[in-house]
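Structure, as structure tokens:
In what follows, chains carry the letters A, B, and so on, assigned in the order in which the sequence lines appear, proteins first and then strands, with residues in each chain numbered from 1.
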Amino acid sequence: MTKAYINGIGCISPQNSIDSEWFFDTINPAKGDYFDAIEPSYKEFIAPNLLRRMGRAIKMGVAAGNIAIQQAGIEKVDAIITGTGLGCFEDSERFLLAILNNDEQFLTPTSFIQSTHNTVGSQIALIMKCHDYNFTYVHRGFSFESTIQDALMLFEEGKETILVGGIEEHTPNFVILNRRAHKFQELQSNTPIWKSTTPGIQMSEGTAFFVLNKNKTDKSLASVDGIQTLYKPKTSADILNKLRSFLKLHGLILSDIDVTLMGFSDDVNFDQKLQELLPSIEKESVAACYKHVCGEYHTASAFAMWTAVKLIEKQTLPKVLAISDKAPSKIKHVLIINQYLGINYSFTLLSQC
Amino acid sequence: MDALIEKLKGQIIEQLNLAEVKPEEINPDSPLFGEGLGLDSIDALELIVLLEKHYGIKIQDPKDGKTIFQSLRTMAEYIKSQGKS
């Protein structure tokens, strides 16, 4: 399958990733058992008449998309593909609350229009005047991965430049309800995220966008060589076998991978297979993690991909991400092994170009 | 009438999320659409709901909207004429 070259990146997360100079030097801790994204001043990216109707997910997505497009130095794309687990949750909640509070009367159109999952992609398209392919994947923990798979297939069909992104937002009510269901826990200061023995994640939100190009250009930061999803693998051995086959497909073995970013979520119920996999990864590669920095959400793999690009660009693994003292001598290949709720697993291979 | 206009300013700012606009900046005689506040067709729907929710006024004929929503003053006059202020 065709590979994709990443020519621009934009990321809004609980960290200062909006700042292109930031590289895991200062870390914002979780707010107890959840993270909030650090949002920029949106006036720099979005016209005020559009801004007033947008919920947070839309604003985050449009701003991150804008940053990626600016970095790539382009004005047009051939396709816009977004992925989201929950979509524009704030507007969905607002519309549903209005139905309840007003006894199904006096319903206004704005929050309904803005609540649909494809609003982010469509708003970017309207702003860019892009009338081409526009698609939004709502595939739970595979939502972002699906955008990459689709982009790679579109390149085979002749598209040249594609904007892809993952978007997630949470609301105070969402945090309250999940907390009641005991889905969260505070990050344990004495137990690293890859050794968790207790259930609960740090719920989070954020967005990361990428301008992908079919061909390498002088703007290319890294390449996406391949992606594979695994639904409910039975054992960690199963994951390892699939991983070796995936790498073989790309002419690599595990020891060729300079850094492996692993999606430990701090919930022992979901991390067990990755915990079992870790010794094999550490034996042949350098293992690292990212969800203690970005938190857990359906499209956290988009943050992981942004991190992988930065690692390739900077050629160093920040201590805060490292699982052991082992440091990579170079960073040519980065592998992401993401998992969401122990159900959705994915491998994404990125390389220096 | 002035009190009703002031009340409407606050309600419109809230309903249309015009966070950047201060009530004193809204000229009651300026057009609401196109120029002036620069509202659009989605805002028109929001204003129809506003009249129904806050004043119990249901606009039966959509053609009337053009006259009613010409400016803040015409909106206030319409509310008065319906005896709902």
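Ring pair A:Phe144/A:Phe210 is tilted by interplanar angle, where 30° to 60° counts as tilted. Relative orientation of the A:Phe112 and A:Phe95 rings is tilted, given thresholds of 30° and 60° on the angle between their planes. A parallel orientation is assigned to the rings of A:Phe135 and A:Tyr133, their planes being inclined by less than 30° (bins at 30° and 60°).
When heavy atoms are compared at a cutoff of 4.5 Å, B:Leu16 approaches chain A by way of both its backbone and its side chain. Contact annotation for A:Leu107: only backbone heavy atoms (N, CA, C, O) come within less than 4.5 Å of a heavy atom of chain B.
When all heavy atoms are compared, the tightest approach of A:Phe35 to A:Pro29 is CE2-C, 3.8 Å. When all heavy atoms of A:Ser301 and A:Glu145 are compared, the pair lying nearest together is OG-OE2, 3.1 Å. Here the shortest heavy-atom pairing between A:Ile167 and A:Gly61 reads CG1-CA, 4.5 Å.
Looking at A:Lys183 and A:Asp33, no side-chain N of the basic residue comes within less than 4.0 Å of a carboxylate O on the acidic one, giving no salt bridge.
Heavy-atom pairs under 4.5 Å with chain A were tallied for B:Leu39, B:Leu18, B:Ile48, B:Val49; the largest tally goes to B:Val49.
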Put together the list of donor-acceptor pairs under 3.5 Å connecting chain A with chain B, please.
residue	atom	partner	partner atom	Å
A:Arg52	O	B:Asn17	ND2	2.6
A:Arg52	NH1	B:Leu16	O	2.9
A:Arg52	NH1	B:Asp43	OD1	3.1
A:Arg52	NH2	B:Asp43	OD1	3.4
A:Arg52	NH2	B:Asp43	OD2	2.7
A:Arg53	NH1	B:Asp40	OD2	3.2
A:Arg53	NH2	B:Asp40	OD1	2.5
A:Arg53	NH2	B:Asp40	OD2	3.1
A:Arg53	NH2	B:Asp43	OD1	2.9
A:Arg53	NH2	B:Asp43	OD2	3.0
A:Thr110	N	B:Glu46	OE2	3.3
A:Thr110	OG1	B:Glu46	OE2	2.3

